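Here's the structure, in structure tokens; my notes come after.
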2 protein chains.
Amino acid sequence: MTAVFDTLSDPLPRRLAAGLSRLSVALRAGQWRLAEARGLSPTQAQALAVIAARSGPGRPAPRLSEIAAQLAITRATASDAVSTLERKGLVMRQPDPRDGRAAGLALTEEGRTAAQDAGDWPAMLLDTAADLSPAEQEALLRLVVKMIRGLQVRGAIAPARLCVTCRYFRPYAHEDASAPHHCAYVDAPFGDRHLRLDCPEQDPLPDAEAGAVWTRFATGASGAMSTL
Amino acid sequence: MTAVFDTLSDPLPRRLAAGLSRLSVALRAGQWRLAEARGLSPTQAQALAVIAARSGPGRPAPRLSEIAAQLAITRATASDAVSTLERKGLVMRQPDPRDGRAAGLALTEEGRTAAQDAGDWPAMLLDTAADLSPAEQEALLRLVVKMIRGLQVRGAIAPARLCVTCRYFRPYAHEDASAPHHCAYVDAPFGDRHLRLDCPEQDPLPDAEAGAVWTRFATGASGAMSTL
DNA sequence: AGATAATATGTAGGAGTCCTAACTAGTCAA
DNA sequence: TTGACTAGTTAGGACTCCTACATATTATCT
């Protein structure tokens, strides 16, 4: 094949890591720029977003440890960030009725408003993603999901609420190439482009069963990749 | 098609941003963990890597501003990081013969050693990438390159030394689907899986000409995507 | 019941990150 | 030579992120 470049280049996984790292640099920088406008630092904004995503009627209030795990920071750092959010009047700590040690985190009215902006990504990133063709966006989402799951399995990040590790996920249950999967929770078919990264309804499969479902998803042929 | 999820879900670019952000969290955390072992903070390690990548015999010594631009931080922050590296004996500042204001940055012997480790990514990330099939790795690299170029065009990140913006790049110059492109510098064919993100030989095309080359690359059909 | 271990969180201290603003010194062009 | 840039540094402040260590509460084991 192409002996020259195959031996000359860095291994592909290494370049992938470098590429993702570059994107990560751009993301961080964008978050700092947004931070100023909103009076929130990147970590604070992320913490706010996690709290918002995990709050809801009839759902237990998220805890500090949960924030720390999701952001892959220590509890001490998370405590700092939450204290600052509290000082800014966006978050309230409430004693947890079921565990006197724990502090349940809830958004204030202001916090709810701020959290909506906090989910805003730098426009440049959204525009760049939107410039990809729909098929490319779908392929990228699928690949990103695979990377996230891989990191999760290796313990590098906290469990994300992914479709592909959910009790209600049925990979390749339908013939329709544009929506081959099935969500048994809403009982509807869907495709790779609908895969979620943080679904509130997600109910994680135990490890024993997760492997088989994952394999079916990961190896399943998808006919919609031809136009890349 | 799948009306339910199409209207129910966050827009795809938004979820892509969220997904990349999660990967970015994992990356940062991994860098902090590595940092400890090496006595270098993430920024210092990145700065060291940039200096190493841009140093070389017969090449002008990289400047501080270049580091700042590549890492998307201010010159002040870069100055801090480089000062620390200097204090640790890994980097030397040398007066630039052609510009008395500028300080050329060079690695010490120790710095050269340290820079090799600094290019090491968290093993978990490399392993996860390596778990993807070769076709998937190639597809992801291509998509990451597209994202980087998009962010670069929008001014969100400093110019990367990409094949796709290089004077010597000839997209789809060959029939061979596994190596359709051609590098006129080494005069050899190569494929998407060989795309580089920081090639020392890269010579950027002027904007006027870059658009046409890019379009040919971006829209070119690739036959190797069927097994995703 | 009482002692012990484990858990959830908070505090303190220190190095590092990252910014803006102000400053020095060198370059370049009119 | 003067004025406008440009490269880099410094100072100050908010925030990030860590490792200890301290505190309260819950779980567990005799």
Side-chain angles (χ1 to χ4, degrees), chain A residues 24-48 60-88 90-105, chain B residues 24-48 60-88 90-105:
Chain A
S24 156
V25 162
L27 242 158
R28 265 266 131 170
Q31 284 175 324
W32 271 107
R33 238 168 283 134
L34 278 187
E36 212 171 67
R38 297 190 298 226
L40 290 179
S41 69
T43 302
Q44 287 162 21
Q46 284 179 297
L48 199 63
R63 306 254 190 96
L64 186 74
S65 300
E66 207 172 338
I67 314 298
Q70 289 297 317
L71 304 186
I73 56 183
T74 60
R75 285 182 282 271
T77 303
S79 183
D80 278 354
V82 167
S83 295
T84 307
L85 289 174
E86 207 175 10
R87 192 155 27 79
K88 290 179 180 169
L90 305 176
V91 162
M92 288 178 307
R93 286 187 222 238
Q94 302 170 319
D96 190 308
R98 287 164 315 183
D99 187 335
R101 298 166 298 182
L105 303 174
Chain B
S24 158
V25 161
L27 241 158
R28 265 263 132 174
Q31 282 175 325
W32 272 106
R33 239 167 285 134
L34 277 189
E36 214 170 65
R38 297 190 300 226
L40 290 179
S41 68
T43 301
Q44 288 162 20
Q46 284 180 296
L48 199 63
R63 307 257 192 93
L64 185 78
S65 299
E66 208 172 336
I67 315 299
Q70 289 297 318
L71 304 186
I73 55 183
T74 59
R75 283 184 280 268
T77 302
S79 183
D80 277 354
V82 168
S83 296
T84 306
L85 289 174
E86 207 175 8
R87 192 155 28 78
K88 290 178 180 168
L90 305 175
V91 162
M92 288 178 307
R93 288 186 224 237
Q94 302 171 318
D96 189 308
R98 288 163 316 184
D99 187 336
R101 299 166 298 182
L105 303 175

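Source: prediction; values computed, not measured. The sequence lines fix the lettering, A, B, ..., with proteins before strands; numbering per chain opens at 1. Atom set for the values below is all heavy atoms of this structure, side chains included, hydrogens, waters and symmetry mates excluded.
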Does A:Arg33 reach a base, just sugar-phosphate, or nothing at all? Heavy atoms under 4.0 Å.
nothing
Nearest heavy-atom contact between B:Leu105 and B:Arg63 is CD1-C, 4.1 Å
Taken to the nearest whole Å, CH2/A:Trp32 to P/C:dT20 is 10 Å
- prompt: So, is A:Lys88 near the phosphate of D:dA14, with a side-chain N or O under 4.0 Å from OP1 or OP2?
  reply: no
Between CG of A:Leu85 and P of C:dG10 the distance, given in whole Å, is 13 Å
Picking from C:dG16, D:dC15, C:dC18, the nucleotide nearest the side-chain atoms of B:Ser41 would be C:dG16
**Request:** Give a yes/no on whether any side-chain N or O of B:Thr74 is located under 4.0 angstrom from OP1 or OP2 of C:dC19.
**Result:** yes
B:Ile73 atom CD1 is separated from C:dC18 atom C1', nearest whole Å, by 8 Å
B:Leu71 CG to C:dC19 C1', in whole Å, measures 15 Å
In whole angstroms, the gap separating P of C:dG16 from CD of B:Gln46 amounts to 15 Å
What one should report as the nearest heavy-atom pair of B:Arg93 and B:Ser83 is NH2-OG, 2.6 Å
Please list, pair by pair, any protein nitrogen or oxygen found under 3.5 Å from a nitrogen or oxygen in nucleotides 8-10 of chain D.
| from | atom 1 | to | atom 2 | distance (Å) |
| --- | --- | --- | --- | --- |
| D:dG8 | OP1 | B:Leu64 | N | 3.4 |
| D:dG8 | OP1 | B:Ala103 | N | 3.3 |
| D:dG8 | OP2 | B:Ser65 | N | 3.0 |
| D:dG8 | OP2 | B:Ser65 | OG | 2.4 |
| D:dT9 | OP1 | B:Arg93 | NH1 | 2.1 |
| D:dT9 | OP2 | B:Ser79 | OG | 2.8 |
| D:dT9 | OP2 | B:Arg93 | NH1 | 3.1 |

From CD of A:Gln31 across to P of C:dC19 the rounded distance in Å is 13 Å
Here the pair of heavy atoms bringing A:Val25 nearest to B:Gln70 is CG1-O, 4.1 Å
All heavy atoms of A:Leu64 vs all of A:Arg75, minimum pair found to be CD2-O, 4.1 Å
Minimal heavy-atom distance between B:Ala47 and B:Leu85, with the atoms involved, is CB-CD1, 4.1 Å
Nearest heavy-atom approach of A:Ala81 to A:Gln44 is O-CG, 4.2 Å
key: A:Leu40/A:Leu90 under side chain to side chain contact (heavy atoms under 4.5 Å, CB included): CA gap, chis, key distance, verdict   = CA-CA 11 Å; A:Leu40 290 179; A:Leu90 305 176; 3.8 Å; yes
| Quick one: is C:dT17 close enough that its OP1 or OP2 comes under 4.0 Å of any side-chain N or O from B:Thr77? | no
- request: Verify the contact: side-chain N or O of B:Gln44 to OP1 or OP2 of C:dA15, cut-off strictly under 4.0 Å; return yes or no.
  value: no
To the nearest angstrom, the CG-C1' distance between A:Asp96 and D:dA24 comes to 14 Å
Residue-phosphate contact under 4.0 Å: A:Thr43 side-chain N/O, D:dC17 OP1/OP2: yes
In whole angstroms, the gap separating C1' of C:dA15 from CZ of B:Arg87 amounts to 10 Å
